[in-house]
Amino acid sequence: MHIETLTAHTKDVGGIPVARLLPQGKRRTIGAWCFLDHAGPAEFSADSLGLQVGAHPHTNLQTFTWMLEGEVWHQDSLGFRQLIRPKQVNLMTAGTGNTNGIAHTEQTPEGIKTLHAVQLWIALPMNQTIAPHFEHYPQLPEWSENGVDYILTTGSFGKHTAPTTQYSPLVGVDIHVHTQQTLTLPAQQAWEYGILVIKGSVTAENGITAHADELLFIEPHGNSHFNLTAEANTHLMLLGGEPLPHPTLIWWNFVADSREALCQAVDDWNQHSPRFGAEINLNGTPLKRLIAPEVPAGLGLR
Ligand code: MN
């Protein structure tokens, strides 16, 4: 078993503290999970509009939003407009290949003054033909055992299975540990796992401890489970998945399997290609359509 701790790069995005755990230098992915931000908890001032992200595109990935506190409006270029609330998942699929893509906006509703969320991306298997789509999961499997609360956001865990659409095998479980104890978590031998600590701390079998905004990265290497000791009042998210059979390149909001495909996505978005669907009707809100920056000279070249 291989276990290590990854530390977040933290920044302030319009008054929201954001801890980025993935991608980072030594660890780009956990299975197909290829991007992980812990956003908040944030309290907005009276004059703040909160999160206001203008139209921006995605390719070859799914955006997976796990809401903990607050509310966010999602609106996309397929015409979906959906409010997400705590304990809900929004899953937006960009589709695969050089002719698919999607765009969306994200906005805090008027009057909402908090935000706390885990924002993930899932790289799509680029050997599958996948069309753009949007799904909202208002209710997910939720249960308690031995003073631990579980919510299954995607995949299967124990005898529970979430309804969330997947294109490669994944799991995502929100776990609240109320009293200090050791959890035995089931593992698939060839998968990769990450434990995002949202609050509190966990210690792995080899004595490595992860605190808030740290990620324990675990490769089971043939083991069918791993043990974690959590201190009282610990909130974490277990992520896991089977590695994709191809490399995942990321630039800005795009995923692709080659530098050429990333350059194509940048050009297509900046030239208003119909690949990204319809222009989003913003109903008069002053959001700006974002501009894709050019792919850096060295990215994706060996
Ligand atoms: Mn987005």
Side-chain angles (χ1 to χ4, degrees), residues 9 11 13-23 28-29 32-40 42 49-68 70-85 88-96 100-109 115-124 130-137 153-154 164-165 167 172 239 248-256 261-262 265-266 268-270 272-273 275-282 285 287-293 295:
H9 299 271
K11 54 181 178 169
V13 181
I16 304 164
V18 174
R20 177 154 305 164
L21 282 310
L22 287 180
R28 316 299 297 176
T29 51
W33 300 105
C34 66
F35 177 96
L36 169 53
D37 270 358
H38 173 211
L49 296 174
L51 184 75
Q52 298 290 329
V53 185
H56 63 278
H58 292 288
T59 57
N60 297 303
L61 65 87
Q62 293 173 299
T63 60
F64 182 105
T65 307
W66 172 235
M67 207 68 194
L68 301 172
E71 299 178 8
V72 172
W73 274 112
H74 157 94
Q75 195 166 342
D76 66 43
S77 55
L78 291 176
F80 290 94
R81 177 169 162 78
Q82 178 65 55
L83 186 68
I84 182 172
R85 293 195 163 104
Q88 299 182 339
V89 164
N90 271 1
L91 182 67
M92 184 180 78
T93 302
T96 50
N100 278 327
I102 199 165
H104 69 148
T105 60
E106 293 153 294
Q107 293 180 278
T108 299
L115 179 73
H116 192 194
V118 180
Q119 179 62 55
L120 291 141
W121 294 356
I122 301 163
L124 290 169
I130 299 168
H133 194 48
F134 174 81
E135 289 147 287
H136 173 65
Y137 296 98
T153 66
T154 187
T164 319
T165 300
Y167 295 99
L239 300 166
T248 296
L249 292 181
I250 298 183
W251 171 244
W252 194 51
N253 290 298
F254 300 125
V255 163
L262 288 175
V266 168
D268 287 348
W269 172 251
N270 289 341
H272 294 250
S273 161
R275 154 182 192 175
F276 294 104
E279 296 286 331
I280 299 169
N281 180 358
L282 295 172
T285 57
L287 285 181
K288 283 201 171 63
R289 187 184 193 273
L290 307 189
I291 296 167
V295 179

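Since the model is a prediction, treat every value here as computed from it, not as a measurement. Residues: numbered from 1 along the sequence shown. Just so you know, ligand 1 is whichever comes first in the structure, and atom 1 is the first atom listed for that ligand. The figures here come from the full heavy-atom set of this structure, side chains too, leaving out hydrogens, waters and symmetry mates.
The atom name of the N/O/S atom in His104 closest to the Mn ion (ligand 1) is NE2. Summary: NE2 is the N/O/S atom of His56 found nearest to the Mn ion (ligand 1). Taking the Mn ion (ligand 1) as reference, His58 places its N/O/S atom NE2 nearest.
Note that the CH2 atom of Trp121 and the OG1 atom of Thr248 stand 11.5 Å from one another [nearest 0.5 Å].
Just one residue in the list His9, Gln119, Lys11, Arg20 forms a side chain to side chain donor-acceptor pair (under 3.5 Å) with Asp37, and that residue is Arg20.
Between His74 and Phe134, the angle of the ring planes stays under 30°, which puts this pair in the parallel group of the 30/60° scheme.
The main-chain N or O of Asp268 is never found under 3.5 Å from a side-chain atom of Ser273 such that the two would form a donor-acceptor pair.
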